[in-house]
Each structure stands twice: as C-alpha cells, then as structure tokens.
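What follows is a set of notes on a single structure, which appears directly below.
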Amino acid sequence: MALPPSRLERFARHIVIPEMGGAGQAALAEKYVVMIGLGGIGSPALQYLAAAGVGRLTLIDDGAVELSNLQRQTIYTERDIGHGKAVAARRWLANFDDTLEVTISDARVTSGNAVGIFASADLVLDGTDTFATRLAVSDACVASRVPLLSAAVGRFQGQVGAFRGHLPDEACYRCFVGDAFDAEDCDSCAEDGMLGATAGWVGTLAALQAIKCLIEGVGSLDGPQWGHVQLLDGLAPSLRSFAISKDPACRGCGSAG
Ligand SMILES: [Zn+2]
C-alpha cells in the first residue's frame with residue numbers, strides 16, 4: 001500500500017535505506033506489535049517503534065508511574081506520577097503520532113489471558129522484569145504461534161532474545177531458561193538496582209531487532225537471528241550472541257509440551 005506524502009516525508013531517512021525502502025516502510029505501517037512491560041526497556045522500545053511507524057500497538061502494564069521510575073523509564077514525566085503506565089504511555093504516543101493505532105491494558109499478563117491478547121499480533125515484545133511473567137508470555141507466544149522478542153536487564157548487563165518456538169526446529173524462551181523460575185520473582189530490578197542507560201541500550205536493541213522481525217522478507221534486511229540471545233555488557237562494553245537449541249522436552253514448545 002502506498003504511503004501518503006506526509007508519511008513519506010516523516011520516514012524519508014528510513015526509505016532511503018536500500019535494505020528498507022518504501023516497501024519496508026509501508027510494511028511497518030501494517031504491522032501489529034504487542035508490548036508487555038512499559039518500564040526501562042519498554043519506554044525506549046516504544047519510542048523507537050512508534051518513531052519507525054509501526055502501525056498498531058497494544059501496550060500492557062499493570063503498574064503506575066512512581067518517582068523512582070523516572071531514572072530510567074524515559075517516556076514518563078513528573079506529571080505522570082500516580083497514573084497508570086499504560087494510560088501515560090498512550091498519552092505519550094498520542095502526542096507523538098496520533099495516526100498510530102493503540103490499545104492499552106492494565107491487566108497482569110498470565111498464561112490464562114495472554115493467548116487471547118496475542119492471537120493476531122505479528123510480534124510480542126516482552127520487557128517485563130520477572131521470570132514468571134516472561135515464561136507465561138513465552139508459553140502463550142508458542143501457543144499463539146507468534147514470534148517473541150524477550151528482553152531483560154540487570155545492573156550493567158542485558159539480553160535480547162528472538163524466539164519462534166512454535167516452529168519445529170526453533171527454541172523458545174523456556175528452552176533458554178528452563179522451568180526453575182516459574183514461581184520466582186527473583187530478578188526484579190527493585191532489589192538489584194540498574195543503571196538507567198543500560199535499560200536504554202537494551203530497549204533500543206530490542207526495537208532494532210523488532211523492526212528486523214517485522215520487515216523480514218520485505219526489504220533485504222536479515223532477520224533478528226532467530227533462536228539467538230544477544231548479551232550486552234555495559235561495564236566493559238561488548239555484545240555477544242549465542243544460539244539456543246530447542247529442548248525436545250521443553251514444557252513450552254517441545255513434543256512433551
Ligand atoms: Zn521451548
């Protein structure tokens with residue numbers, strides 16, 4: 001579908017990239033991404049996905065903006081404190097580009113409700129901060145046959161994994177971390193602390209990987225290295241990539257699942 005002149009101008013710096021072109025940009029306008037977790041990772045990821053012209057977004061977070069969030073959650077301001085993050089994120093988005101279609105939810109994503117939410121998505125981007133939620137999201141992505149970018153961050157380190165566990169030979173997030181963490185909230189940044197810019201780095205890499213997912217096969221960009229996890233280290237800055245093998249016994253995506 002052809003983009004109107006105002007959109008061609010807005011995305012001109014994308015369109016001149018040979019690997020994206022007008023076709024890639026038009027494809028982004030047709031895509032639908034579900035974002036779970038509108039915190040330190042979700043904030044910059046949302047900004048770059050919206051800036052890239054991803055046409056439709058669902059924003060999910062059950063939290064409210066707190067003063068201590070502003071150190072890393074870059075879409076919020078002091079005015080948003082006390083307001084739901086999903087509502088505040090929608091407000092940011094409406095100011096930024098009101099042609100993008102957005103729905104919001106302040107429900108906590110569980111294995112029970114996620115499959116219904118994900119059903120028609122092109123991609124799920126998970127930036128939540130607990131293993132239990134990330135595993136529930138992963139299982140629901142496998143069940144919904146929707147690709148998943150799972151992003152997480154610690155004090156100075158982060159990771160972004162790209163999974164299509166619904167495919168026969170590809171791993172899911174559960175193949176990567178196993179079952180031990182289903183009941184755990186052990187990696188919450190509330191306890192560990194986090195340098196805000198680390199979350200920004202992880203969130204923007206997640207957005208870059210998301211864009212590659214969304215236009216794979218349209219432009220000539222390679223995909224996001226499906227089945228790989230990118231490990232980011234901010235202390236001695238480096239990026240490492242490793243492949244995850246499908247676990248045949250995985251409860252999420254294996255033959256026993
Ligand atoms: Zn699996």
Side-chain angles (χ1 to χ4, degrees), residues 31-37 39 41-42 45 58 60-61 107-154 157-189 202-203 205-214 216-217 222-233 239-257:
K31 295 297 179 180
Y32 173 33
V33 176
V34 174
M35 297 186 63
I36 305 161
I41 294 169
T58 288
I60 304 174
D61 197 301
R108 176 164 284 260
V109 170
T110 65
S111 50
N113 64 11
V115 172
I117 299 171
F118 298 172
S120 59
D122 294 298
L123 176 72
V124 170
L125 198 167
D126 184 2
T128 58
D129 63 357
T130 68
F131 277 118
T133 302
R134 289 209 292 266
L135 286 165
V137 167
S138 173
D139 292 348
C141 282
V142 173
S144 311
R145 307 187 62 78
V146 174
L148 168 67
L149 282 180
S150 189
V153 66
Q157 281 81 31
Q159 65 190 36
V160 179
F163 300 104
R164 292 187 300 194
H166 54 282
L167 298 181
D169 298 321
E170 294 196 19
C172 76
Y173 178 75
R174 187 181 286 279
C175 294
F176 172 38
V177 299
D179 300 334
F181 299 112
D182 276 296
E184 299 277 337
D185 282 356
C186 61
D187 60 343
S188 166
C189 73
V202 173
L205 179 61
L208 174 61
Q209 295 289 73
I211 288 161
K212 290 193 282 185
C213 294
L214 295 173
E216 189 171 12
D222 286 335
Q225 287 190 289
W226 295 112
H228 284 68
V229 172
Q230 315 294 332
L231 270 188
L232 305 87
D233 183 350
L239 183 63
R240 206 152 62 79
S241 173
F242 58 92
I244 309 297
S245 299
K246 193 177 190 80
D247 174 2
C250 175
R251 285 207 289 120
C253 73
S255 46

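When a ligand or atom number is given, it counts from 1 through the structure's own listing order. Atom set for the values below is all heavy atoms of this structure, side chains included, hydrogens, waters and symmetry mates excluded.
Put simply, the side chain of Leu239 reaches to within 4.5 Å of the side chain of Leu205, judged on heavy atoms. At a threshold of 4.5 Å between non-hydrogen side-chain atoms, the residues Phe176 and Gln159 count as touching. Counting only heavy atoms from C-beta outward, the side chains of Thr133 and Arg108 approach each other to under 4.5 Å.
With sequence neighbours excluded, the residues that form a side-chain hydrogen bond (donor to acceptor under 3.5 Å, both in side chains) with Glu170 are Arg164. For Ser144, there are no side-chain hydrogen bond (donor to acceptor under 3.5 Å, both in side chains) partners, not counting sequence neighbours.
The side-chain hydrogen bond (donor to acceptor under 3.5 Å, both in side chains) contacts involving residues 118-128 comprise Asp126-Thr128, where partners must be two or more places apart or lie in separate chains.
The Zn ion (ligand 1) has Cys172 SG, Cys175 SG, Cys250 SG, Cys253 SG as its protein N, O or S neighbours under 2.8 Å.
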